[in-house]
Every structure is written in structure tokens, then in C-alpha cells.
Amino acid sequence: MNIQNKPPHEAPRRIQVSPRDNVAIIVNALGLPAGTEFPDGLVLNHFVPNGHKVALADIADGADILRYAEVIGTARGAIRRGDWINEDNVVMGTAPPLDQLDMATRPPPPPAPLTGYTFEGYRNADGTVGTKNILAVSTSVQCVAGTMEYALKRIKAELLPRYPNVDDVVALTHAYGCGVAINAPQAVVPIRTLQNLAQNPNFGGEVLVIGLGCEKLVPERLLPKGQDTGTMRMQDHEGFGANIAAILERVEERLKILDQRRRETVPAAELIVGMQCGGSDAFSGLTANPALGFCADLLVAAGATVMFSEVTEVRDAIHLLTPRAATRDVADALVREMRWYDSYLDNGGVDRGANTTPGNKKGGLSNIIEKSLGSVAKSGTSAISAVLAPGEKVRGRGLVFAATPASDFVCGTLQLASGMNLHVFTTGRGTPYGLAAVPVIKVSTRSELAQRWADLIDLDAGPIATGEKTIEQVGWELFQLILDVASGRKQVWADKWGLHNDLTLFNPAPVT
Ligand code: CA
């Protein structure tokens, strides 16, 4: 194949993020063959797939490989200008030491306020605002999950159609509650998560907990303090039929209340946006995540709350984050969460390198350092105003680091517990990810994915790579889309299809 024979739109394209970088990313969707010559004289020595790195200079054995002006590894063997660089010829270094970081040394000043943006939401008694009007039925133990599934089918068929202002009924089922070391210090994580999940702003404050009766996690522990109604135990009722009737009765009482609710105009400041990525590729850090980062800055300027997460995907970029902490306490909390996770992984006999997937590598990411540098682009440029331990409820506004594993479903579940009312999910490889509790806007890193999965991807950040759009343009498009989706004016693809993944609790404590 000869590059000269290709149509003009297939001219070889590459992106170098920083002038300091000695690698660039190949943009062409089908990759580029060996012998391809760029206008500046760079000639490819190998076929280089889409999203993969090409050496812009000779790199000596053991010398640094730079992307995003950061060292992503060192050369394994001599690398020549024009060589394909992938996980085989990159040696990954160690993570930044946690005791040598700049702590809150360069917090960015508050942005100029962005005013005049609103959405139509459901205001709650506790001051939060929902983007949907959902009844959640929580459960205190896995034993009742099958019963809830049965009840939910009947609720959706028999009750929900009579209450047209209620968007949905969801069951918060999980694998916790019994057979667990409930007094272990780390049991605080799953228990706090379940407590706070039931109070997500999209559930309107109507908490109902179904329990069994003999479990360790008693249903009352999942109710907000001071609330003593809203629980039932299956073992208190005569037979399965009576249990289902009791659940339906309690559900209908709450549907009647939620059906009275109406959307009202509220400031964009009421948004609590959870951000994460999944199925990342080398474009994640060039297109979707920087656009989301720009959007995060807009949301912060509008007074909203924006959460980024995924400890193993910020660990290798932590030296870029601790200087941005608003205060020394926030920087200390960032380090505390990194240290906790280092030790969690260490106890399991792995390190943060266990994060990258075969799909990440196929998409051009050589290791977790490169993946992390692209991942933290989501956080934009604002000061980090607070840090949450896994499952803690968000307090205050601005850019918040909510510590979670990077696993998509665990991260999403923890961000729901922290109180997000809308989720933005960036993906390079593609995933049908969705959550029942909040709208999930999926942003693709590449146009090829957006075209192939046109009925799953809500926004395409790919045109940034081809120069057709800027990061700022896509960031504004996403901001407007968030306001439309939060208002119920636009429906995300996951909701159109009803693609809702199960909740997945993070339980770092022992199971008995
Ligand atoms: Ca993830």
C-alpha cells in the first residue's frame, strides 16, 4: 500500500501533545503502513495502528519516553525515529513517591462566575435537586434480591403506569448484608455506600428498605438518621404472596407522593456531575477527556459540583493534582486516598499496573502511566476543593475527588452514593454502560466508534483529533447536552434502550 494512492482525506495525521514529547499518536482510522512519509520527512519504519505511538526522534536504550510532557516510561532497547512504540518497547517506571509531592502549592484562582444557565429539575426537601423522579427500593441483604426482582416486574406492569409523573422504580439490590464481617473496620465502605445510595437526589427522599429479618445489616441502618418508617422484613409476613402484597402496598404509597412532583427551573449550580472513563484508548487523553475537562471547568464556574474518581487512574498523575488542591488538608486527603489504595493493592499482591486491559493496549495505551495522564484530563484546570473517601456524600461545590476503584460499575455505584445526579462517561473502545438511577451521557474519543455505535454514543469528541472541532467547542456542546439531559428534554441512548447495569458495591472488608 502506498500512501500517495490514498484519497486526500487520508493524508497521514499525527498528534503531538507537547513540544517536549518524543512520541506522537497516529490519527488515521486504519493506522498507517510502513514507509508512510509525513510532510516534515518523518517516515514510519513499521505499520502503526490507529491511536498508537510513533517515535519522533531516536530514543536510546533506557532513555525517557515523553507524552503530555511527562515520562510515560523508558525505552527497552534502542528506538529509532519512525518506530512503532507500544507496551513491548516501553519499560514502566514506579509511581510518584507520595512523600515528595508539592502540596497545595499552586491552587488555581476561582474562575469568573458563569451565570444564566439553568435546567429543569426536581427540588428535594434536603436542598438537592434530582434530574429524574425515581422511586428506589433499597434492600438490606442479598437474600431478598430475587423477591425484589419479582416484585419489580409487577410494580412496573401494574403500578407504575398509573403514576405518569414518576420516571421509574429501581431496586437497589446487591451482594452485601449477611455472610460479611460487619464489624471489620473497612465494612464502613459498603454500609456507608448503601446508606447514601438510598438518598441519591434522584430518589426524592422516599426511602423504602426491604430486609429479610435475620441479616447482620439491619434495614434501619440504611434509613436517614431520625427516620423510623420505611422498612419491612420478609420473615414478618405469612408467605411469599403476602410479602409481595406488602411491598406493592408500600411502593404505591410512595408512588402517590412522587407523582405529585413537577420539574422547576433551577440554576446549573444544582448539578452534581460524576465523571469517569471506561474502555479508554490513546485518544481519551486527546479528545473526550480534555473536552470533559473543559466542560468540568464550565460547570465549576457555574457553581456546580463535579466529581472525578478512579484512584488507579490518577495515582501516576498525583504529582499534577496535589499542587492544585485548594488547601493543605485537601492535598493531605488526596495522598491519604492514594496511600490507602496502594496498600489495598499491595495486600492483594498486585500494583496499579494491574489496571490496564487488553483493550487499552490495543487502543494504543502502553501502560497505566500513559492511561492516567489521559484520564486526569477530565479534571480540567480548577482547584480541587474536596476529597471524598469511597461512598461518602459530597459536601460543598466545585471540583471534588471522590476516591473509587476505576472499575466502571464500582465507580458508578460509589458516585451515585456520593450524590451525583448526572453521569458523563468517556469511552474509546466502546461500552453499552448505563445506570438506572441517573442519566449517563456517553462520549466517544473517536468518530469511528461514534459512527459504528451511533445508537449508543451520545456525543462524539473525535472531531477534535481531526481538527474539525476544538476542545472548547466539544466542551460547550457537552455542557449544553448536560443541561438538556438534566431537564428531561433529551434522552440518552442508555435510557432509550433501558440499558442499566447492576450496582456493584465496593467491599474491601472480609467475607465470612
Ligand atoms: Ca472506569
Side-chain angles (χ1 to χ4, degrees), residues 189 193 273-285 287-293 295-296 306-318 321 337-338 341 344-345 350-365 367-380 388 390-391 400-418 420 422-435 437-446 449 453 456-459 461 478 492 494 499-508:
V189 175
T193 304
V273 176
M275 309 186 287
Q276 73 156 318
C277 48
S280 298
D281 67 5
F283 289 104
S284 298
T287 59
N289 288 347
L292 178 50
C295 179
V306 191
M307 289 186 275
F308 72 113
S309 292
E310 304 175 287
V311 173
T312 51
E313 291 172 16
V314 306
R315 178 65 184 85
D316 281 270
I318 191 65
L321 297 175
E337 293 303 329
M338 298 300 116
Y341 218 93
Y344 168 72
L345 291 174
V350 293
D351 66 18
R352 85 281 189 217
N355 173 302
T356 38
T357 64
N360 294 152
K361 288 171 181 169
K362 202 173 172 207
L365 293 171
N367 58 34
I368 188 61
I369 302 176
E370 186 179 10
K371 185 175 175 180
S372 299
L373 292 166
S375 177
V376 297
K378 290 198 284 298
S379 70
L388 306 178
V400 174
F401 180 70
T404 76
S407 166
D408 296 349
F409 314 105
V410 184
C411 172
T413 301
L414 287 167
Q415 288 187 341
L416 282 175
S418 293
M420 74 167 157
L422 191 140
H423 201 29
V424 181
F425 192 105
T426 65
T427 183
R429 308 300 297 169
T431 167
Y433 178 95
L435 295 173
V438 297
V440 178
I441 295 175
K442 286 202 290 293
V443 183
S444 69
T445 70
R446 296 172 301 124
L449 173 64
W453 277 16
L456 285 168
I457 298 297
D458 299 292
L459 182 68
L478 178 56
V492 295
L499 300 179
H500 297 145
N501 288 97
D502 289 341
L503 300 177
T504 311
L505 281 188
F506 183 40
N507 178 22

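As the structure is a prediction and not an experimental result, all values here were calculated from the model. Counting from 1, the numbers follow the sequence of the chain as shown. As the structure lists them, so they are numbered: ligands from 1, and atoms in each ligand from 1.
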Can an N, O or S atom be found in Ala406 less than 3.0 Å away from the Ca ion (ligand 1)? yes
Strictly under 3.0 Å, is any N, O or S atom of Glu313 next to the Ca ion (ligand 1)? no
Report the distance from atom CD of Glu313 to atom OG of Ser280, rounding to the nearest 0.5 Å. 5.5 Å
Under 3.5 Å donor-acceptor pairs involving side-chain atoms of residues 426-433, not counting sequence neighbours:
unit_1	atom_1	unit_2	atom_2	d
Thr426	OG1	Asn289	OD1	2.7
Thr427	OG1	Gly278	O	2.8
Thr427	OG1	Gly430	N	2.9
Arg429	NE	Gly359	O	3.3
Thr431	OG1	Tyr433	N	3.1
Tyr433	OH	Gln276	NE2	3.2
Tyr433	OH	His423	NE2	3.0

Result for side-chain hydrogen bond (donor to acceptor under 3.5 Å, both in side chains) between Lys371 and one of Thr357, Asp316, Asp281, Asn355 points to Asn355
Among the N, O or S atoms of Glu310, which one sits nearest to the Ca ion (ligand 1)? OE2
Does Cys411 bring an N, O or S atom to under 3.0 Å of the Ca ion (ligand 1)? no
Atom of Asp408 closest to the Ca ion (ligand 1), considering N, O or S atoms: OD1
Can you check whether Glu310's main-chain N or O pairs, donor with acceptor, with Thr404's side chain at less than 3.5 Å? yes
So CZ of Arg352 and CD1 of Ile368: to nearest 0.5 Å the spacing works out to 7.5 Å
With respect to the Ca ion (ligand 1), please indicate if Gln276 possesses an N, O or S atom at a distance under 3.0 Å. yes
